[in-house]
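The figures that follow rest on heavy atoms only: side chains count, while hydrogens, waters and symmetry mates do not. First the proteins, then the strands, lettered A, B, ... as listed; each starts at 1.
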Protein chains: 2
Amino acid sequence: MSNSFRSIGLIARATAVIGNQRFQPDQLQHNQFIYLMRVVENPGITQTELAAQLHVDPSTCLRTVRKLITSEYVTRTVDDQDKKRRPLMATQKGQAMYPALERYEQQIIAAGTSGLSAGEKALLSELLGKVANNIKHAKL
Amino acid sequence: MSNSFRSIGLIARATAVIGNQRFQPDQLQHNQFIYLMRVVENPGITQTELAAQLHVDPSTCLRTVRKLITSEYVTRTVDDQDKKRRPLMATQKGQAMYPALERYEQQIIAAGTSGLSAGEKALLSELLGKVANNIKHAKL
DNA sequence: CTCCAGTAGTTGCATTTGCAATTAAAAAGT
DNA sequence: ACTTTTTAATTGCAAATGCAACTACTGGAG
């Protein structure tokens, strides 16, 4: 039990390295692929929502999104009802990238859960979801 | 299932933020507390081993250790058999810090696994250990 | 209508990080 | 014994990150 969060830390760091290497030729570095996936899946998401979803600093999120915009994977739109908001949309290029991102994610999942039964995989997913929720709202 | 690694990423980032805030008054920032824990637990560990254990870049590890040395939590020793190696040891100050680090870890675990049964906690730990091992040795 | 508080987005600055290259020592090969 | 390769540690450089502060907009209160 005492090693769960250590495993989590290691897994996160290791998968980040793998993902960044994988997508570097596509000009997606430093976890940009993670952001792009979220924008494709959540059309119209704002930066504040994205930062909260990923639990990253808003300024980091802004700069990463800015890079995705520069690389033409993402565009900012205007919310006519609220000039403050800048909903993010994936471009055609961004959407075309998504299947490769999805495949990568599946590969990571397959490699990481190799040797686990289907029941264990489902249970792991469920328990991690609970932990994520707990940690997201933790009062310490 | 498809959300396991996303949960892992979020948990890792969120706990890092919490830990860094917690230990900032002790001059332990940017995950330094994680490194210190490992050095206390593994007297004589080398930087290369530490970097591998944590799956961080060797230069990042070196610089973080350097900071722990400056803060007098860690010292470098000499390996008389191999001049290349610089085994790391926790100082008295570092060892005195360890109980607080442990308590923090227990608090995070308690908060994160709140609502899980004892069996689920044990299972989560076991499964995450397997995933960590898989990912650490992944060939993609 | 004006003012204030809250929210979304953004910037400045110092520090950290990761990749690639380098240095030093040990191990392996000839 | 000497040379080459491997391993551990380290450095240089460019880019990313996080905290704190700031700007702009919206909604609510007076």
Side-chain angles (χ1 to χ4, degrees), chain A residues 9 12-25 27-36 39 42 44-71 74-89, chain B residues 9 12-25 27-35 39 42 44-71 74-88:
Chain A
R13 289 187 290 274
T15 51
V17 169
I18 299 170
N20 290 334
Q21 286 173 348
R22 167 66 65 87
F23 297 114
Q24 194 252 353
Q27 289 186 295
L28 292 170
Q29 297 132 292
H30 292 276
N31 292 326
Q32 285 170 28
F33 68 95
I34 295 174
Y35 292 71
L36 177 53
V39 173
N42 304 277
I45 194 171
T46 64
Q47 274 167 193
T48 304
E49 286 158 0
L50 186 55
Q53 254 200 33
L54 297 175
H55 217 92
V56 297
D57 185 81
S59 64
T60 302
C61 185
L62 169 87
R63 295 190 193 105
T64 305
V65 167
R66 204 182 266 163
K67 289 208 169 298
L68 289 176
I69 290 169
T70 299
S71 306
V74 167
T75 62
R76 275 200 186 104
T77 65
V78 178
D79 185 331
D80 291 323
Q81 317 251 39
D82 185 341
K83 298 274 171 50
K84 251 185 352 180
R85 297 167 57 87
R86 314 283 181 82
L88 305 172
M89 299 292 289
Chain B
R13 288 188 290 274
T15 50
V17 169
I18 299 170
N20 291 335
Q21 286 173 350
R22 167 65 66 86
F23 297 114
Q24 194 251 353
Q27 289 186 293
L28 291 171
Q29 297 132 289
H30 293 277
N31 293 325
Q32 285 169 29
F33 67 94
I34 295 174
Y35 292 70
V39 173
N42 305 277
I45 194 172
T46 64
Q47 275 167 191
T48 304
E49 286 158 0
L50 186 54
Q53 254 199 35
L54 297 174
H55 215 93
V56 297
D57 185 82
S59 63
T60 302
C61 185
L62 169 87
R63 295 189 191 108
T64 306
V65 166
R66 205 182 264 163
K67 288 207 170 301
L68 289 175
I69 289 169
T70 298
S71 306
V74 168
T75 62
R76 274 201 185 102
T77 64
V78 178
D79 185 330
D80 292 322
Q81 318 250 42
D82 185 341
K83 298 273 171 49
K84 253 189 347 186
R85 297 166 59 85
R86 314 282 182 79
L88 305 171

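Regarding B/L50, its CG atom lies at a distance of 14 Å from the P atom of D/dA8, rounded to whole Å. For the pair B/N31 CG and C/dT16 P, the computed distance is 12 Å after rounding to whole Å. In this structure, the CD1 atom of A/I18 is 16 Å from the C1' atom of C/dG18, given to the nearest Å. The separation between B/H30 atom NE2 and C/dG18 atom P is 12 Å, rounded to whole Å. Summarising the geometry, the separation between CD on A/Q29 and C1' on C/dG18 is reported as 11 Å, rounded to the nearest angstrom. Atom-to-atom, OH of B/Y35 to P of C/dT16 comes out at 11 Å; the value is rounded to the nearest Å. Rounded to an integer number of Å, the gap from CZ of B/F23 to P of D/dG18 is 18 Å. Between B/R85 atom CZ and D/dA9 atom P the separation is 7 Å, expressed in whole Å.
Judged by distance alone, with hydrogens and angles left aside, the side-chain atoms of B/T60 form no donor-acceptor pair with the main-chain N or O of B/V56 at under 3.5 Å. With hydrogens and angles ignored, the 3.5 Å screen pairs no side-chain donor or acceptor of B/S71 with any backbone N or O of B/L68. Remark: side-chain polar atoms of A/R13 are paired, donor with acceptor, to backbone N or O of B/L54 under 3.5 angstrom. Looking at B/T77, its side chain does come within 3.5 Å of a backbone N or O of B/P87 through a donor-acceptor pair. For B/Q32 (side chain) and B/Q29 (main-chain N/O), a donor-acceptor pair under 3.5 Å exists by modelled atom type. When atom types are taken as modelled, the side chain of A/Q24 and the backbone of A/Q21 share no donor-acceptor pair closer than 3.5 angstrom.
A/T48 has a side-chain polar atom (N or O) that falls below the 4.0 Å cut-off from OP1 or OP2 of C/dG9. Between B/T60 and C/dG18 there is a side-chain polar atom (N or O) within less than 4.0 angstrom of OP1 or OP2.
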Contact pattern, 5' to 3', of nucleotides 24-29 of chain C - B, S or - by protein heavy atom under 4.0 Å: BBS---

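With a 4.5 Å cut-off on side-chain heavy atoms, B/K67 and B/L28 do not count as touching. Residues B/D79 and B/R86 fail the side-chain proximity criterion, which asks for heavy atoms closer than 4.5 Å. Residues A/V74 and A/L36 meet the side-chain proximity criterion, which asks for heavy atoms closer than 4.5 Å.
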Find every protein N or O atom lying less than 3.5 Å from an N or O atom of nucleotides 10-14 of chain C, and list the pairs.
unit_1	atom_1	unit_2	atom_2	d
C/dT10	OP1	A/R86	NH1	2.8
C/dT10	OP2	A/Q47	NE2	3.1
C/dT10	OP2	A/R76	NH2	3.2
C/dT11	OP2	A/R66	NH2	2.2
C/dG12	O6	A/R63	NH2	2.7

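Residues A/N20 and B/K67 both approach DNA chain C. Their nearest nucleotides, taken by heavy-atom distance, put B/K67 toward the 5′ side.
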